[in-house]
Student: 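I have a structure I would like to understand better, so I am pasting it below and will then ask my questions one at a time.
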Amino acid sequence: MKLTLPARQPFNFRNTVRSHGWYQMAPFDYDEDENILKYVIRLETSKVLEIQIREAPDGISVEAQKKLTTAEVNDLTKTVTWMFGLEMDFSDFYAAAKKELKLAHVVQKAYGRVLRSPTLFEDVLKTILTTNTLWSATKRMNLNLIKEFGPALAWPDRQTEKHAFPEPAEIAASSPEVLREAVRVGYRAPSIHELAVRVASGELDIESFKTSGLPTLELRKELLKIKGVGPYAAANLLLILGRGDFIPVDSWALKLVSHEWYDGEPVTPKQVEKHFEKWGEFKGLAYWFWNWKYKG
DNA sequence: GGTAGACCTGGACGC
DNA sequence: GCGTCCAGGTCTACC
């Protein structure tokens, strides 16, 4: 099965894939040389398969080694369109960025899109795994979680040990103790379990946030109600949701701003905010795609 | 509203 | 091989 999906222009496949670290986290698997993004997806029919996403003229192509029903193709189309933000329009951001030398590259590189997981549940959980730890540990915890709770690929896709991301109910049926001992998420275990229970029980309709009409400030308040989600995580999730009003200030942001404007001297989150205040609803985007002096 | 300290893991380092 | 230190956001208690 192969389908081609158009993207609103400008669009750049590689830059969307590499917009943040998600492409390095299972069930994503990016082949840098071939520029192919693989993802182990679970369709609404519970079918688990690996898809291969490539650059195509004016958009992307999606391929699976399986025959799919019309309903499954529609489901896949909707999901991949969301993941790549194919319909997103950044013309207002580009118009604002035109006057800033440090953002002069954004149109040409088609920056603006941030790679998403199929569900916001997956994005929230992964974001919690990024907090208060090193990137290598984030990837390990995520992999442990998927291996522990996610369904394995079926043949013929199953040439390697790959799993889809677990559904809320699969984690909710477990316990914080298992999350701590087997998945090694440490003190995050109660937060992750509580999130899974709330979503699985229907108490928290987290997927509705994707299409929420709430003002960004209100949506942020809702995200902050999730245990384990603080200012950094909320800003990161808002960026994923296409709301660029907040900056995900972490230790990296402090380092970037410190080298950009303070000769490497320590800075506070308030100083980070100050430098992007004028960007208003594009604050997060301006920060994210800024052409930083410090490259790490 | 601001701040200090605890939370937990694994890598780096010294012995 | 063992012990110690450190990095990384969020939460809670306290002022």
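Residue numbers start from 1 in every chain, and the chains themselves are labelled A, B, ... in the order their sequence lines are given, proteins ahead of strands.
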Student: Could you tell me whether A:E170 and A:R42 have a side-chain N and a carboxylate O separated by less than 4.0 Å?
Tutor: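 Looking at A:R42 together with A:E170, the answer is yes, because their closest N to O distance falls below 4.0 Å.
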Student: For residues 248-269 of chain A, which residues have at least one heavy atom under 4.0 Å from DNA chain C?
Tutor: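 Hits under 4.0 Å, by residue number: A:D250, A:S251.
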Student: Can you list the residues that meet the side-chain contact (heavy atoms from CB on, under 4.5 Å) rule with A:K99, with sequence neighbours excluded?
Tutor: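 Checked A:K99 against side-chain contact (heavy atoms from CB on, under 4.5 Å); zero matches.
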Student: Salt-bridge test for A:E50 and A:K38: reply yes if a basic N is under 4.0 Å from a carboxylate O, no otherwise.
Tutor: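 No, this pair does not count.
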Student: Sub-3.5 Å donor-acceptor pair from the side chain of A:S212 to the main-chain atoms of A:S208, do we have one?
Tutor: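 No, the answer is negative, given that no donor and acceptor are paired below the 3.5 Å cut-off.
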Student: Can you give one letter per nucleotide of nucleotides 3-9 of chain B, 5' to 3': B if a protein heavy atom sits under 4.0 Å from the base, S if only from the sugar-phosphate, - if neither?
Tutor: ----BSS
Student: Mind checking ring pair (Phe, Tyr, Trp, His ring centres under 6.0 Å) for A:Y30 and listing every partner two or more places apart, or none if nothing turns up?
Tutor: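 A:Y30: ring pair (Phe, Tyr, Trp, His ring centres under 6.0 Å) contacts with A:Y23.
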Student: Give the stems involving DNA chain C, where a stem is 3 or more consecutive Watson-Crick or G-U wobble pairs (i with j, i+1 with j-1, and so on) under 3.5 Å.
Tutor: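 Result, WC/G-U stems under 3.5 Å: B:1-15 with C:1-15.
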Student: Give, ordered by number, those residues of residues 230-242 of chain A having at least one heavy-atom distance below 4.0 Å to an atom of DNA chain C; if nothing qualifies, reply none.
Tutor: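 Per residue number, the list reads A:G230, A:P231, A:Y232, A:A233.
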Student: A side-chain contact here means heavy atoms from C-beta on lying under 4.5 Å apart; do A:K283 and A:Y287 qualify?
Tutor: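 With C-beta onward as the side chain, the pair stays apart.
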Student: Where the side chain of A:N291 meets the backbone of A:K102, is there a donor-acceptor pair that is under 3.5 Å apart?
Tutor: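 Here the side-chain-to-backbone pair does not exist.
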Student: Does anyone know the first and last nucleotide of DNA chain C in reach of chain A, 5' to 3', at under 4.0 angstrom to a heavy atom?
Tutor: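 Listing 5' to 3', DNA chain C meets chain A from C:dG8 to C:dC11.
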Student: Would you call A:R54-A:E63 a salt bridge at under 4.0 Å N-O?
Tutor: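 Between A:E63 and A:R54 there is a salt bridge, with a charged N closer than 4.0 Å to a carboxylate O.
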Student: Is A:D29 salt-bridged to A:K162, cutoff N-O under 4.0 Å?
Tutor: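 Salt bridge present between A:D29 and A:K162.
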Student: Got a sec, which residues hit ring pair (Phe, Tyr, Trp, His ring centres under 6.0 Å) with A:F90, two or more places apart in sequence or on another chain?
Tutor: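 Not a single residue meets the ring pair (Phe, Tyr, Trp, His ring centres under 6.0 Å) criterion with A:F90.
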Student: Under 4.0 Å between a Lys/Arg side-chain N and an Asp/Glu carboxylate O for A:E277 and A:K274?
Tutor: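 Answer for the salt bridge query: no.
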Student: Could you pull out all residues at least two apart from A:K221 that satisfy salt bridge (charged side-chain N to carboxylate O under 4.0 Å, His left out)?
Tutor: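 With sequence neighbours excluded, A:K221 shows a salt bridge (charged side-chain N to carboxylate O under 4.0 Å, His left out) to A:E218, given in chain and number order.
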Student: With A:W82, which residues qualify under side-chain contact (heavy atoms from CB on, under 4.5 Å), at least two apart?
Tutor: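 With neighbours one apart ignored, the set is A:R116, A:K210, A:L241.
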Student: Which pairs with one or both residues in residues 94-129 of chain A pass ring-ring contact (aromatic ring centres under 6.0 Å, His included), sequence neighbours excluded?
Tutor: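 Pairs touching residues 94-129 of chain A that pass the test: A:H105-A:Y111, A:Y111-A:F289.
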Student: Run the ring pair (Phe, Tyr, Trp, His ring centres under 6.0 Å) test against A:F282 and tell me which residues pass, sequence neighbours left out.
Tutor: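 Residues passing ring pair (Phe, Tyr, Trp, His ring centres under 6.0 Å) with A:F282: A:F93.
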